[in-house]
Peer 1: 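One structure, as structure tokens, below. Some questions next.
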There are 2 protein chains.
Amino acid sequence: MTLSRGLILSSQMSELSPPSPLSNKAAHHHGNLRPALIEAGLGILIEEGLDKLTLRRCAARAGVSHAAPAHHFDGVAGLRAAIAQEGFRIFRNYMLDARNNAGADPHARLRAICRGYIYFAVDFPDLFELMFNNKVIKDVTSLPAQPDTANGYDVLKDSCAPFVAPGTDPVVVESQVWSLVHGFGSLMQTGRFGGLSPDDPCGPLFAPVMALLDQLPVYRDPQSGA
Amino acid sequence: MTLSRGLILSSQMSELSPPSPLSNKAAHHHGNLRPALIEAGLGILIEEGLDKLTLRRCAARAGVSHAAPAHHFDGVAGLRAAIAQEGFRIFRNYMLDARNNAGADPHARLRAICRGYIYFAVDFPDLFELMFNNKVIKDVTSLPAQPDTANGYDVLKDSCAPFVAPGTDPVVVESQVWSLVHGFGSLMQTGRFGGLSPDDPCGPLFAPVMALLDQLPVYRDPQSGA
DNA sequence: CGCTGCAATTTGACACTGTAAACTTTCCAC
DNA sequence: GTGGAAAGTTTACAGTGTCAAATTGCAGCG
């Protein structure tokens with residue numbers, strides 16, 4: 001399951017290198033500047049940190065002039081939102097991978113996506129911070145008809161479904177799980193939750209904290225139908 | 001209990017207006033620039049938002065030149081850390097107030113401090129974001145021998161004590177509670193957790209989510225001794 | 001083929017920010 | 001008083017976001 005971590009970043013990119021219009025060689029127009037800028041931003045975020053993520057630096061890394069990004073993003077906020085959106089896609093893949101490698105037991109599957117959640121927060125702390133920055137998250141998660149598949153909420157929702165009592169709002173269980181795991185992911189980077197180690201990437205407190213979810217009763221087993 | 005909210009900010013300040021050295025009239029040295037800058041920063045944070053919190057703006061609001069803060073803080077990061085530290089003091093008072101207005105029941109007390117936690121996040125979203133910004137929180141919570149009373153963790157710890165099973169590490173329950181409430185506070189500002197209303201400041205999902213903590217067994221009643 | 005039009009990119013400029021150095025003022029200790 | 005440290009000011013410089021005005025390269029059309 002740890003195989004899912006450390007993925008090659010470019011293989012996760014969505015907009016990156018689309019059909020590539022057949023030998024679009026050295027067009028002065030660069031061709032795909034927008035995805036190139038997003039990738040540059042992700043690289044800066046990972047290698048240099050959130051405070052180094054600037055418009056001009058992204059432009060330089062993509063090999064264009066400092067004002068070029070203005071034609072593809074609505075200011076620096078737009079660039080950050082686009083990078084966050086790409087981050088949510090990687091984030092979702094982390095949870096999907098973790099879930100796919102789990103068994104059929106609802107509790108095991110829930111723990112799995114939580115582990116994927118935390119793996120992502122550990123692997124990309126600056127990207128995680130950018131994505132869940134109060135300002136950015138509002139923009140990204142409330143985009144026009146933004147589907148749950150764009151931010152991974154669908155994976156969480158799906159894994160919470162077995163624990164939803166009939167006749168109750170699913171968002172209750174979803175909020176419980178999401179709050180717990182997101183709070184853990186945020187606070188873990190404090191250092192107060194114990195140091196991380198290569199063989200224990202989620203820290204020694206991950207399992208005990210997530211044990212709180214073991215008490216959730218199973219109302220519906222998605223495998224066996226109703 | 002809602003009395004505790006909307007406190008006059010200056011009354012919460014710690015460094016603000018110390019002994020005031022007896023008619024320190026119009027000293028060109030301003031006297032108490034450091035606390036004045038912190039208060040200016042808090043005002044900017046509340047009135048204008050986190051992105052407007054700059055060294056020069058704080059200096060202007062305090063009525064000094066733009067380079068004056070350099071003599072009191074280690075760059076802009078130092079100013080932000082100092083403001084966050086002041087924020088943690090207010091934050092702690094929010095939890096203390098909420099707890100003091102609760103009864104003796106351990107679960108009720110725990111719910112109370114969680115409500116104080118969320119009240120603070122709702123009242124000061126930008127300050128909340130600054131305080132729990134991954135970069136800043138590390139500085140503030142890991143200051144030299146920073147006691148738990150400086151960031152409110154002592155209040156949380158105290159309220160979790162009744163739920164700590166004998167022979168187990170208290171940090172487990174503390175992490176469970178803190179993760180849940182902090183995650184809720186962070187994610188609430190997404191808008192996904194339902195709109196806030198004046199008479200329901202924590203949103204409609206607060207109670208259902210915190211119900212997860214009702215299952216915690218009480219091992220020790222602090223009122224009746226062991 | 002040459003021309004126009006358009007979109008992408010560049011260049012230049014401006015305001016704002018953080019930071020450092022040099023300077024000025026104020027006050028305290030001696 | 002005098003020296004010196006502390007507190008603030010002034011000046012300067014490198015980055016940053018953003019805008020307006022060129023400039024470049026391509027596509028379509030005469």
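Note that the structure is predicted; figures quoted are calculated from it, not measured. Residue numbering restarts at 1 for every chain, and letters A, B, ... go by the order of the sequence lines.
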Peer 1: Between B:Asp126 and B:Leu50 (side chain of the first, backbone of the second, donor and acceptor by atom type, cut-off under 3.5 Å), is there such a pair?
Peer 2: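 Yes, the answer is positive, given that a donor and an acceptor are paired below the 3.5 Å cut-off.
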
Peer 1: Given atom NZ of A:Lys52 and atom C1' of C:dT17, what is their separation to the nearest angstrom?
Peer 2: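 My rounded result for the distance is 14 Å.
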
Peer 1: Nearest heavy-atom pair of B:Gln176 and A:Val209: which atoms, and what distance?
Peer 2: CG-CA, 3.7 Å

Peer 1: Taking only residues two or more places apart in sequence or in another chain, which ones pass salt bridge (charged side-chain N to carboxylate O under 4.0 Å, His left out) with A:Asp74?
Peer 2: none

Peer 1: Once you apply a heavy-atom cut-off of 4.0 Å, does A:Ser65 come out as touching a base, just sugar-phosphate, or nothing?
Peer 2: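 Answer is base: heavy atoms of A:Ser65 come under 4.0 Å of a base.
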
Peer 1: Measure CG/A:Leu55 against P/D:dC19 and give the value in whole Å, please.
Peer 2: 11 Å

Peer 1: Evaluate the criterion side-chain hydrogen bond (donor to acceptor under 3.5 Å, both in side chains) for residue pair B:Asp123 and B:Tyr94; output intermediate values, then yes/no.
Peer 2: CA-CA 10 Å; B:Asp123 281 354; B:Tyr94 262 64; 2.6 Å; yes

Peer 1: Return the nearest nucleotide to the side chain of A:His66; candidates are D:dG17, C:dT11, C:dT17.
Peer 2: C:dT11

Peer 1: Please report the distance, rounded to the nearest Å, between CG in A:Leu33 and C1' in D:dT24.
Peer 2: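 About 15 Å, once rounded to whole Å.
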
Peer 1: Measure from the side-chain N and O atoms of B:Glu86 to the backbone N and O of B:Pro35, and report whether any donor-acceptor pair falls under 3.5 Å.
Peer 2: no

Peer 1: Using salt bridge (charged side-chain N to carboxylate O under 4.0 Å, His left out) as the criterion, list what pairs up with B:Asp148, not counting sequence neighbours.
Peer 2: A:Arg192

Peer 1: Using atom CG of A:Asp51 as one end and atom P of C:dT19 as the other, report the distance to the nearest whole Å.
Peer 2: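 The distance from CG of A:Asp51 to P of C:dT19 comes to 11 Å, rounded to the nearest Å.
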
Peer 1: For DNA chain C, determine which residues of residues 67-80 of chain B have any heavy atom closer than 4.0 angstrom to one of its atoms, and list them numerically.
Peer 2: B:Ala67, B:Gly75, B:Val76

Peer 1: On DNA chain C, nearest-nucleotide positions of A:Arg56 versus A:Gly63: which is more 5'?
Peer 2: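 On the 5' side of the pair lies A:Gly63.
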
